[in-house]
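Here, residue 1 is the first one in the sequence, and each next residue gets the next number.
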Amino acid sequence: KFEGQVSAGFEEAFDESVLSNLSEKIATASEGVLSDGRHRVVVLPLNNNGEEIQVAVKSFGAQRGWKDRYDRKKGSKAARSFKAAKFLRENEVGTPEPIACFERWEGQKLAESVYISAFVESLTSFKDLLIQIYWKEPDCKNLVSLLTHVAGAIRKMHDAGFWHRDLGNQNMELREPEGTEWGEVQFV
């Protein structure tokens, strides 16, 4: 049985019928697959108070026994992701809205852990933007502008007292620009 945390306003979206089918939906999703490695990320619909919204669901892969012992004390990756996203949002640092996290333990073994956030459409990864500049538009002015923009977001995150611990270009996304050259940085 899944146990976890749910953000205010989403409590009714996660009844037993939703949680009992969650693992299967994640495993069998063929559309909306954002990442299909050890940690699978898929976009799924979620009915929240009669409104269907799209959510990003990250299912964390199996881990070794020593990691289970660590997670029993410090919280699973899903629980830590949820806590981190709440902290970032409270400090006005860009990250998709945290919705829920769930974990299922079999004795001392973490069988499953899942983090659910709002799905933000039209994000472009920092990595893809760098590749685009390097290969398609090699322009130092654009590169410096992008790096300065992302550095400002990182500074804001650090000034809030948050240390990411896996901050690479694959964990930074940018929204579509709205009247500025670069969109808001979203940390994942």
Side-chain angles (χ1 to χ4, degrees), residues 2-11 13-14 18-19 22-23 26 32-44 46 48 53-64 66-105 110-130 147 149-175 182-188:
F2 276 116
E3 294 180 5
Q5 302 173 61
V6 179
S7 289
F10 292 94
E11 299 88 354
F14 297 101
V18 171
L19 293 177
L22 186 58
S23 300
I26 296 167
V33 177
L34 303 177
S35 177
D36 204 13
R38 193 172 74 109
H39 306 309
R40 184 172 170 86
V41 183
V42 298
V43 177
L44 295 174
L46 178 69
N48 186 42
I53 62 171
Q54 298 296 309
V55 295
V57 181
K58 183 169 187 175
S59 175
F60 292 92
Q63 56 190 29
R64 298 184 184 269
W66 69 268
K67 188 72 175 88
D68 289 337
R69 290 187 294 280
Y70 177 87
D71 284 2
R72 204 37 129 168
K73 291 179 184 175
K74 301 287 186 179
S76 67
K77 287 182 182 179
R80 294 191 314 268
S81 296
F82 181 78
K83 182 179 177 182
K86 286 183 70 93
F87 179 86
L88 291 174
R89 299 276 297 190
E90 288 166 2
N91 287 279
E92 299 179 2
V93 176
T95 194
E97 179 183 10
I99 293 176
C101 68
F102 298 102
E103 45 191 52
R104 186 173 62 79
W105 290 85
L110 181 61
E112 293 180 81
S113 67
V114 176
Y115 171 63
I116 302 169
S117 70
F119 173 65
V120 180
E121 289 193 54
S122 303
L123 289 178
T124 303
S125 77
F126 180 47
K127 177 182 176 181
D128 289 345
L129 288 170
L130 288 172
L147 293 175
H149 180 71
V150 171
I154 293 169
R155 168 56 39 213
K156 185 175 182 179
M157 178 179 64
H158 288 164
D159 285 348
F162 187 83
W163 188 260
H164 192 288
R165 296 187 63 185
D166 187 23
L167 188 60
N169 59 22
Q170 76 286 357
N171 286 330
M172 293 181 268
E173 304 276 333
L174 280 79
R175 287 181 178 264
W182 305 107
E184 179 190 26
V185 177
Q186 298 279 290
F187 296 100
V188 295

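Nearest approach of S125 to D128, heavy atoms of both residues: OG-N, 2.9 Å. Taking each heavy atom of N48 and A13 in turn, the nearest pair found is OD1-CB, 3.6 Å. The minimum heavy-atom distance linking S117 with I99 is given by the pair C-CD1, 3.7 Å. Nearest heavy-atom pair, I26 versus R40, reported as atom, atom and distance to 0.1 Å: O-NE, 2.7 Å. When every heavy atom of V6 is checked against every heavy atom of F82, the shortest pair comes out as C-CZ, 4.3 Å. The minimum heavy-atom distance between P96 and Q186, with the atom names listed, is N-OE1, 3.3 Å.
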Exercise. Can E103 and D71 be said to form a side chain to side chain contact (heavy atoms under 4.5 Å, CB included), step by step?
Worked result: CA-CA 11 Å; E103 45 191 52; D71 284 2; over 6 Å; no

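By the ring-ring contact (aromatic ring centres under 6.0 Å, His included) test, H39 is found to be paired with F60, residues two or more places apart in sequence or in another chain being considered. In this structure F14 satisfies the ring-ring contact (aromatic ring centres under 6.0 Å, His included) test together with F102, sequence neighbours excluded.
Remark: R175 CZ to L123 CG distance equals 6.5 Å, nearest 0.5 Å. In this structure, the separation between CH2 on W105 and CD on E112 is 12.5 Å, given to the nearest 0.5 Å. The distance from atom CG of L19 to atom CZ of F2, rounded to the nearest 0.5 Å, is 7.0 Å. The distance from the CD atom of E173 to the OG1 atom of T124 is 7.5 Å, given to the nearest 0.5 Å. Summarising the geometry, atom CE belonging to M172 is positioned 4.5 Å from atom CG belonging to L167; distances are rounded to the nearest 0.5 Å. Expressed to the nearest 0.5 Å, how far CZ of F162 lies from NZ of K156 amounts to 14.5 Å.
In summary, the side chains of E97 and S7 do not present any donor paired with an acceptor at a separation below 3.5 Å, with no hydrogens or angles considered.
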Please list, one pair per line, the donor and acceptor atoms closer than 3.5 Å that link side chains of residues 83-95 to other protein atoms, with sequence neighbours excluded.
from, atom 1, to, atom 2, distance (Å)
R89, NH1, T95, O, 2.9
N91, ND2, F87, O, 2.9
T95, OG1, F187, O, 2.6

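Heavy-atom neighbours of R64 CZ from other residues, nucleotides or ligands within 6.0 Å: at or below the threshold of 12. By the 6.0 Å contact criterion, NZ on K127 is open, its count of non-hydrogen atoms from other residues, nucleotides or ligands being 12 or less.
Listed for the H164 side chain is a donor-acceptor partner under 3.5 Å among the backbone atoms of V188.
Annotation: side chain of I116 is not in contact with side chain of F10 (no heavy-atom distance under 4.5 Å).
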